[in-house]
Amino acid sequence: MRLEQLIEGINIKCLEGKSDVEISHLNYHSRKIGPGDLFVAMKGYAQDGHDFIGDAVSRGATAVLSELAPDMVIQKLSRKPNQMPVVLQVSDSRKALSRLAVAFYHTPFHNMNLIGITGTNGKTTTSYLLESILLAAGRKPGVIGTVNHRISSSVLKSSITTPESLDLMKILREMADHSATDVVMEVSSHALDQGRVADCPFRTVLFTNITRDHLDYHHSMDAYFKAKSLLFTGLSDKVSAIINIDDPRGADLMALTSAEVMTYGINNSCDVTAKDVNVSRTGISARLISKKMGECDIRSSLIGNFDIYNIMAAASAAITLGVDLKTIASGIESMKGVPGRMELVPNTRSLTIVVDYAHTPDALEKALEAANQITEGRILTVFGCGGDRDRGKRNEMGRVAGKHSHKVFITSDNPRSEDPIAIAEEIEKGVIASGQKDYVVELEREMAIRMAVESALKNDLVLIAGKGHEDYQIIGNTRRDFDDRLVAARVASFS
């Protein structure tokens, strides 16, 4: 595509060179640049792309878009290239990248409904449920989320919940080429704060809840909520906004949006609610009630009592997309589980072992409350906290684990560059503060899982929390294969 076509509608402060050149690809990673590409230099959380302009040009970049004036870009070049790149200056290169991506991938979302789901917990499970409902309705949904990005038989691994705008538009183009009717997207607070979805025209937006998380990035709960709320501001009344009104910030969000609001919850008078909720090890049954559509009985194989909220959320979204209650109930029942979300681990000892992604105090508390509801025996909890992330939640998660478990096994999660011992000590303080005396610290995660499984009796439940679907562990700069589910199944077989 020609550069002049790509930059239509973008406010270019300064352009040095000819804009009629052909652009082969766009990229914001200098190492991935090739001849004929446009390099977009952005300021990141850890690095500044402007520092890599010279590298991008040395690899053959035809054009460079950045927030620097052309003469400053030229100064970034370590040696004069054979052909000087076209240099474009903008006020906000991240915002420009999003618009470039839409143009380069030919407005991929043109013929599909975009559904954006945000909140601290429940995004993944809600997306799986909604996908199943849409499949039951005979539609062709795509999903972009924490576990993976998928449509039909095409599955891409996911490294982050919501991709950068360029990667997002590439995925949406692939989904459009697969004739997607709807795309369900988990939208993180980072993505909203950084404008990754700024050019996505959502048909439906959904708020699950907000509790402590990512304060290493947002620094305060108010800033975290403000980032989440960006998905709901600036919308027309033709967009549907689905809000969990049982969450304390749900009412605040309603006041901020101009979209047509649909509420869900149990503790308030809502547009969508549920009654006669029953939860057991075999799943959930309830009566789903919609003011607009009527009532229906639902059954789900999900085993978390909190999952009734995810079910109501997915049902609400489906209603905004014109799906009837009978089909909604069918889709909910046919969804058999979500990777790493209260996932039962089959094992030869027939022990109840559950792996869950809970990595926040609220998520861990909800997982433990759900475990206690379906267990006659003890709760044995294995968990750790990630390194280079919000330190403040470690003590709190230790307190939650201690309060709701019969025994706690403190271990490593993804310590990254931090000292695993120091992380464990912060967790341990919370466990001690809870009054729990039956705990051990075992930093080798496989050994901690083995200890918990070996000490489990027939009616006990082993909860392995924090990593969920992840099939790796990051220690220092090393990423090694590690899947809680596989490890638990293996150690149970030999215990």
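Computed from a predicted structure; not experimentally measured.
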Exercise. Counting only N and O atoms by type, is there a donor-acceptor contact under 3.5 Å from the side chain of Lys228 to the main-chain atoms of Gly119?
Worked result: yes
For this session: With sequence neighbours excluded, tell me which residues meet salt bridge (charged side-chain N to carboxylate O under 4.0 Å, His left out) with Asp55.
Result: Arg59
For this session: Determine the sole option in Thr204, Asp182, Thr181 for which the side-chain hydrogen bond (donor to acceptor under 3.5 Å, both in side chains) test with Asn113 is passed.
Result: Asp182
Problem set entry | Pair His359 and Tyr357, ring centroids less than 6.0 Å apart | yes
For this session: Validate the cation-pi geometry between Lys366 and Tyr309: distance from NZ or CZ to the six-membered ring centre under 6.0 Å, angle to the ring axis within 45°.
Result: no
Exercise. Within the side chain of Ser240, is there an N or O that forms a donor-acceptor pair under 3.5 Å with the backbone of Glu260?
Worked result: no
Problem set entry | Test: Asp276 and Arg287 ion pair at under 4.0 Å | no
For this session: State, with a plain yes or no, whether a side-chain heavy atom of Asp271 is found less than 4.5 Å away from one of Lys292.
Result: no
Exercise. Taking 4.0 angstrom as the limit, do Asp247 and Arg249 come out as a salt bridge?
Worked result: no
Exercise. Taking only residues two or more places apart in sequence or in another chain, which ones pass salt bridge (charged side-chain N to carboxylate O under 4.0 Å, His left out) with Lys170?
Worked result: none
Exercise. Going by an N to O cut-off under 4.0 Å, is there a salt bridge joining Lys43 and Asp48?
Worked result: no
For this session: Please test Asn148 against Ser158 for side chain to side chain donor-acceptor pair (under 3.5 Å), starting from the C-alpha separation and ending with a verdict.
Result: CA-CA 4 Å; Asn148 55 37; Ser158 172; over 6 Å; no
Exercise. With the threshold set at 4.0 Å, does a side-chain nitrogen-carboxylate oxygen contact exist between Arg485 and Asp471?
Worked result: no
For this session: Examine distances only and state if a side-chain atom of Gln436 and a backbone atom of Gly402 form a donor-acceptor pair shorter than 3.5 Å.
Result: yes
For this session: Scan residues 97-107 for pairs that pass side-chain hydrogen bond (donor to acceptor under 3.5 Å, both in side chains), counting only residues two or more places apart or in two chains.
Result: Ser98-Asp199
For this session: Could you tell me whether the side chain of Ser220 and the main chain of Ala223 form a donor-acceptor pair under 3.5 Å?
Result: yes
Exercise. For Gly265, does its backbone N or O pair with a side-chain atom of Thr273 as donor and acceptor, under 3.5 Å?
Worked result: yes
Exercise. Is the backbone N or O of Asn310 less than 3.5 Å from a side-chain atom of Asp307, with the two atoms forming a donor-acceptor pair by type?
Worked result: no
For this session: Any chance you could lay out the side chain to side chain donor-acceptor pair (under 3.5 Å) test for Ser93 and Ser66, step after step, and finish with the verdict?
Result: CA-CA 6 Å; Ser93 51; Ser66 78; over 6 Å; no
For this session: May I have the step-by-step check of side chain to side chain contact (heavy atoms under 4.5 Å, CB included) for Arg341 and Val147, ending in yes or no?
Result: CA-CA 11 Å; Arg341 272 63 178 177; Val147 175; 3.8 Å; yes
Exercise. Salt bridge or not for Lys393 and Asp362, using N-O below 4.0 Å?
Worked result: no
Exercise. Charged N to carboxylate O below 4.0 Å: is that the case for Asp483 and Lys467?
Worked result: no
Exercise. Do the side chains of Asp413 and Gln473 get nearer than 4.5 Å, heavy atoms only?
Worked result: no
Exercise. Taking atom NZ of Lys336 as the centre, does the number of heavy atoms from other residues, nucleotides or ligands within less than 6.0 Å exceed 12?
Worked result: yes
For this session: Starting from the C-alpha separation in whole Å, work towards a yes-or-no answer on side chain to side chain contact (heavy atoms under 4.5 Å, CB included) for Ile464 and Arg445.
Result: CA-CA 10 Å; Ile464 306 170; Arg445 193 172 180 90; 3.9 Å; yes
Exercise. Salt-bridged, Glu67 to Lys13, with N to O below 4.0 Å?
Worked result: no
Exercise. Has the side chain of Asp216 got a donor or acceptor atom that lies under 3.5 Å from a matching backbone atom of Arg389?
Worked result: no
Exercise. Should the pair Arg150 and Tyr128 be classed as cation-pi, given the thresholds of under 6.0 Å to the six-membered ring centre and 45° from the axis?
Worked result: yes
